[in-house]
Amino acid sequence: MKEKRKDKDKKRGKLYSIIFTIVFLVIVGAIIGVYIWQNNKQTEENEDEIAYTDLIQKISNGEVEKIEMTVGSTSIKVKLKDIEEEKTASVPNTQAFIELIQEEVKNNNQFELKQNKQNPLLTVGSTFFSVLPTLLIVALFILIFKMQGLGDKGKVYGGEEDNDTGVTFKDVAGLDEEKNELIEIVDFLKSPEKFHEIGAKIPKGILLCGKPGTGKTLIAKAIAGEAGVPFITMSGSEFIEMFAGLGASRVRKLFEKAKKISPCIVFIDEIDAIGSRRTSGSGGESENNQTLNQLLVEMDGFETDETVIVLAATNRPEMLDKALLRPGRFDRRITIAAPDLHGREEILKIHSQNKKFEKDIDLKEIAGDTAGFTGAELANVLNEAAIIAARSHRKKISKNDIEEAVKKVTVGLEKHSRVISEKDKKLTAYHEAGHAIVSKFLPTQQDVKEVSIIPRGVAGGYTMYKTNEDKYYISKTEMEEKLIALLGGRAAEKLALDDISTGASNDIEVATQIARDMVTVYGMSDKIGPISLKTDEPYEMQPFGDHIGDNIGEEVKKLIDTAYYQAQQILSQHMDKLDAVANALLEKEIISAEEFQRFFE
Ligand code: ADP
Ligand code: ZN
């Protein structure tokens, strides 16, 4: 039923937008046509036209016999004394022109000024032209607002509404502590009177922090599902598009709707898009401010007996305006981390429910191989594996399918069709061999699982490492060695081919980020010490003065330079291995963990 209504709305929406587009195009077409026509007319008449300054000159010289003009038109007819046919001229400002020649008319009785009444048709024409720009703009606005209004029916304005999410806590794997924390919200939504009677205050706003795909939306939906209340959702990025004031009005509409259907859950995804720190800037930023201010007003506005709970998701809580986090607003924060080993297994269990597997598949093993994966990525792995199996006409998902799917999710799809020159291949081979060999000599780094020069996604090749148990802490040494491993690719290119390529750009990006975090987040630089320097905050807002910025750069550079030097050291001591692995890669394109190990026996 609901689907059908949505479909109908969609169709009607399409029809409207087509009609509006046609009307709009016709108006624009007409205007362009008229302008071209006018221009042509003017150029045709050009030979007979007298320039304005010439005209003035001629009038004061007494050469003009008669001037005929029409009210409202800047085009006038001029009859000169010594020429038979009439000429035309155009005056920039009729009123000023008449005033200018008034004297002449009085003094020179031979000079005649004839003022015609306006041609009614022309009146319409000129009025039309004078209001045309306004009309156009109005039409454009109507068009845009209509189009938005259309979205309104399904989405946009009041947010997307779902009366029954069909999701419960059972569908959310792991996250037991988080679920426990949120259970009270469910109770509150179910029987708010119980809480009011005793005077208990329930948070209005809860901030869910975590990487994309960690299940923030899922858990918010599950709260609605558990409590049996509607779920209204809107993404922060939807608030900031389009025109000034629209974002704020959408926020207002969203809350209007929520109050009307309360008890309910409002979920604002990507709240950082509107909720980042207010600035005194203009344009997009001030639009942002209006939206944020409206959100603050709404958060303060609804009373506790309006049973509306606002959940907001972000991956960058530190970016949020402090005002959003004050009591009575988003004063409760729940951080959702990527799942641990057990959590991953649970998530895999949930998403393998409707899939068939070969007997030797062990979800625990897959969980072990996917450290750092989010719930969304795990779901994706199983889905990709199913697709791979189906494509090769198998009824069950095999171990191989899973492995292939893991690779696909981490590094992208294999691209056999891409044509690669021998030179590029050689470069990639040395680059990947460089990573693999450098890591081999770094005690904290994982063992190599696979090295390949088959392009995948945007990568020309890849070096995969075995994953170990989940770790909660990473030591400084480990981070330093990670930098060395990352720069091993670039170092190998330089040593073996005495040239460097763009292929290392991602390595460099990752390495720089790690080095920066070491200095500014983890306090691992001796020079700066254990001080947190949030790099997204302007330096002037930090209590350490301007020069700290230079110091950060210096310290980051030192870390990177040292790592690059050490990568080169390791490789130049093992040039024979580098050549051997690179050559093997050129020959076979892919090397397994065992094959790689054999180079060192
Ligand atoms: P976020 O809102 O944090 O970006 P989502 O809630 O949209 O992430 O998660 C995307 C998908 O990933 C979910 O629809 C679900 O299929 C899967 N997923 C994520 N976390 C979990 C989890 N803990 N249990 C089960 N599935 C999960
Ligand atoms: Zn690399």
Side-chain angles (χ1 to χ4, degrees), residues 165-179 182 207-225 231 233 235-236 267-272 311-316 334-340 342-354 367 370 373-383 409 411 427-439 448 451-453 455-456 458-465 482-494 500-511 564 567:
T165 59
V167 180
T168 62
F169 280 158
K170 273 210 314 292
D171 303 303
V172 185
L175 303 179
D176 293 331
E177 281 161 46
E178 290 81 357
K179 282 192 263 185
L182 291 165
L207 198 60
L208 301 173
C209 307
K211 278 205 292 186
T214 44
K216 298 182 293 296
T217 314
L218 189 71
I219 207 163
K221 278 186 179 166
I223 296 172
F231 180 80
T233 174
S235 169
F267 179 67
I268 304 175
D269 204 0
E270 298 172 51
I271 194 171
D272 40 284
L311 291 152
T314 180
N315 188 28
R316 301 186 299 174
I334 295 181
T335 302
I336 302 188
D340 61 7
H342 175 70
R344 292 198 297 276
E345 194 185 339
E346 294 297 308
I347 292 171
L348 287 167
K349 257 186 211 157
I350 283 186
H351 290 280
S352 60
Q353 268 164 10
N354 47 9
T370 47
F373 278 43
T374 62
E377 283 166 336
L378 291 170
N380 205 358
V381 163
L382 291 182
N383 190 47
V409 171
V411 255
L427 193 104
T428 312
Y430 272 99
H431 180 104
E432 298 306 333
H435 281 306
I437 289 165
V438 167
S439 338
V448 168
V451 193
S452 160
I453 57 166
R456 259 176 190 281
V458 288
Y462 59 87
T463 303
M464 262 183 132
Y465 299 94
K482 176 89 196 166
L483 293 181
I484 302 173
L486 277 166
L487 296 172
R490 163 61 63 95
E493 290 177 28
K494 175 79 186 140
I500 51 180
S501 77
T502 55
S505 68
N506 184 254
D507 299 333
I508 291 170
E509 196 182 322
V510 176
Y564 186 53

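Order of appearance sets the numbers: ligands from 1, and atoms from 1 within every ligand.
- Within ligand 1, counting atoms from 1 as listed, the ones closer than 4.0 Å to a heavy atom of G215 are 1 (P), 3 (O), 5 (P), 6 (O), 8 (O), 9 (O), 19 (C), 20 (N).
- In this structure, G213 has a heavy atom closer than 4.0 Å to ligand 1.
- Protein heavy atom closest to atom 16 (O) of ligand 1, with residue, atom name and distance, is H351 CE1, 3.0 Å.
- The shortest distance between side-chain heavy atoms of I484 and Y564 does not fall below 4.5 Å.
- Look at P212 and you'll find a heavy atom under 4.0 Å from some atom of ligand 1.
- Of all atoms in ligand 1, listed by their number and element, those nearer than 4.0 Å to a heavy atom of I347 are 22 (C), 23 (N), 24 (N).
- Under a 3.5 Å cut-off, the side chain of E493 and the backbone N or O of S501 do form a donor-acceptor pair.
- Between D272 and N315 the shortest side-chain heavy-atom distance does not fall below 4.5 Å.
- A donor-acceptor contact shorter than 3.5 Å is absent between the side chain of K211 and the backbone of T374.
- With respect to the Zn ion (ligand 2), D507 has OD2 as its nearest N, O or S atom.
- When non-hydrogen atoms are compared, ligand 1 lies under 4.0 Å from the backbone of L218 as well as from its side chain.
- Closest to atom 23 (N) of ligand 1, if we only count protein heavy atoms, is A173 O, 2.9 Å.
- In terms of protein heavy-atom proximity, atom 12 (O) of ligand 1 is closest to A376 CA, 3.1 Å.
- Among the atoms of V172, none of the N or O lies under 3.5 angstrom from an N or O of ligand 1.
- Around NZ of K221, the count of heavy atoms belonging to other residues, nucleotides or ligands within 6.0 Å does not exceed 12.
- Ligand 1 has at least one atom lying under 4.0 Å from a heavy atom of D171.
- Distance from atom 18 (N) of ligand 1 to its nearest protein heavy atom, with residue and atom name: G375 C, 3.7 Å.
- The contact set between ligand 1 and L175, taken as ligand atoms under 4.0 Å from a residue heavy atom, comprises 23 (N).
- A donor-acceptor pair under 3.5 Å is absent between the side-chain atoms of R316 and the main chain of C209, judged by distance alone.
- T217 OG1, 2.4 Å is the protein heavy atom nearest to atom 2 (O) of ligand 1.
- Side-chain contact between V451 and Y462 is absent, with no heavy atoms from C-beta onward closer than 4.5 Å.
- R490 contributes no side-chain N or O that, together with a main-chain N or O of I508, makes up a donor-acceptor pair within less than 3.5 Å.
- If you run side-chain hydrogen bond (donor to acceptor under 3.5 Å, both in side chains) between T463 and each of H435, E432, H431, only E432 comes through.
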